[in-house]
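Below you'll find the structure, written out as structure tokens, and then a few comments.
As the structure is a computational prediction, the values presented were derived from the model and not from experiment.
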Amino acid sequence: MQGLDFSVVLPYADILWIGVWWTVVLTVSAAVISFFVGILFALVVLYAPAIVAYPVRLFIWLFMGTPLLLQLFLIYFGLVQIGIDIPALVAGIVGLGLHFAVYNADIFRAGIAAVDPGQAEAARSIGFSRFQTFRYVVIPQAVRSTTPPVGSNMIALLKESSIVSVIGIAELVHAAQLAISETFRPFEFYITAALLYYLLNLVLEAALRRIEARVEMSR
């Protein structure tokens, strides 16, 4: 029986930090996509004509009802079959972004629906166009009320980003597995990866708290 020896981790620090870097790139890129696509999906579901809204609703149901791993395989391996060959990193970002966009869309839809209709009517009565009413009255209030649950989605996204290692993206778990394949010390590297994820979570939570505080101050 071998005891724990974390000195084996140090020679692989560069590989692990590269894994941390790509984990951050994946998380931030997918979070931006999930935020803006989520808002767009919510507006389409609420206000677009049925011929546009139904396909988006179908897309949301399909992505909510299927595993993220299957969605990644469809985007990375399935699209090649119809002539769309995209790099693994792009497939990972798009897959994570769309997966969390449908959950953000549900949150934004509820937030927009909760805005008092009288406020929109008041904005229109003082000369705001429909776009200006959404831009300056409805969307800001919906974003304020939905900041905490969307923040929770971002934390989940950070943790779920490890799944893209299955399509060969060198994020943190993939980096740890590379080191394990050479040292045969899984416990030390998986514990180190877990600690690094925990530190990333702490940084993300601190950033989200600052964003929530700024949103509260803007009321």
Side-chain angles (χ1 to χ4, degrees), residues 15-42 56 58-80 86-111 143 146-180 186-187 189-212:
I15 294 175
L16 293 174
W17 280 119
I18 291 172
V20 169
W21 164 252
W22 285 117
T23 296
V24 171
V25 169
L26 278 164
T27 302
V28 172
S29 303
V32 171
I33 290 174
S34 69
F35 182 82
F36 288 105
V37 174
I39 289 178
L40 177 63
F41 280 1
V56 172
L58 178 62
F59 182 88
I60 291 173
W61 291 334
L62 286 174
F63 264 65
M64 280 188 168
T66 53
L68 173 57
L69 181 60
L70 177 61
Q71 295 160 13
L72 283 174
F73 283 162
L74 280 172
I75 292 170
Y76 185 56
F77 298 114
L79 291 180
V80 174
I86 56 178
L89 179 62
V90 176
I93 291 172
V94 171
L96 284 169
L98 291 179
H99 182 80
F100 283 91
V102 299
Y103 291 98
N104 283 345
D106 211 34
I107 295 169
F108 287 133
R109 182 193 55 75
V143 168
T146 56
T147 299
V150 170
S152 297
N153 264 353
M154 297 304 99
I155 291 171
L157 194 162
L158 168 62
K159 290 183 280 192
E160 292 291 334
S161 67
S162 65
I163 203 168
V164 301
S165 63
V166 297
I167 58 173
I169 298 176
E171 47 71 61
L172 184 52
V173 170
H174 190 272
Q177 288 172 332
L178 286 177
I180 291 166
F187 219 46
F189 282 99
Y190 283 140
I191 289 176
T192 303
L195 289 173
L196 290 171
Y197 270 112
Y198 181 70
L199 291 174
L200 288 173
N201 257 321
L202 288 180
V203 172
L204 179 57
E205 285 176 4
L208 290 171
R209 278 198 295 271
R210 292 194 64 172
I211 292 171
E212 288 179 24

task = For side-chain contact (heavy atoms from CB on, under 4.5 Å), just list the numbers for L196 and W17, CA-CA rounded to whole Å, side-chain angles, deciding distance to a tenth of an Å, and then say yes or no.
result = CA-CA 9 Å; L196 290 171; W17 280 119; 4.3 Å; yes
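- Atom CE of M154 is separated from atom OG1 of T147 by 11.0 Å, given to the nearest 0.5 angstrom.
- Within the structure, the side-chain hydrogen bond (donor to acceptor under 3.5 Å, both in side chains) test picks out the following pairs touching residues 150-159 (sequence neighbours left out): N104-N153.
- Note on residues 88-111: pairs passing salt bridge (Lys or Arg N to Asp or Glu O under 4.0 Å), not counting sequence neighbours, are D106-R109.
- For the atom pair I169 CD1 and I163 CD1, the distance stands at 11.5 Å (nearest 0.5 Å).
- Taking CG of L202 as the reference point, atom CD1 of I155 lies at 10.0 Å (rounded to 0.5 Å).
- Looking only at distances, a side-chain donor or acceptor of T23 sits under 3.5 Å from a matching main-chain atom of L172.
- Residues passing the side chain to side chain donor-acceptor pair (under 3.5 Å) test with Y197, sequence neighbours excluded: E171.
- Considering OG1 of T27 and CG of N201, their distance stands at 9.5 Å, rounded to 0.5 Å.
- Atoms CH2 and OG, from W22 and S165 in turn, are 15.5 Å apart once rounded to the nearest 0.5 Å.
- Partners of E160 by side chain to side chain donor-acceptor pair (under 3.5 Å), not counting sequence neighbours: none found.
- With sequence neighbours left out, F41 forms a ring-ring contact (aromatic ring centres under 6.0 Å, His included) with F59.
- Judged as a ring-ring contact (aromatic ring centres under 6.0 Å, His included), and not counting sequence neighbours, F36 has no contacts.
- Residues A175 and G19 share a closest heavy-atom pair of CB-CA, 4.1 Å.
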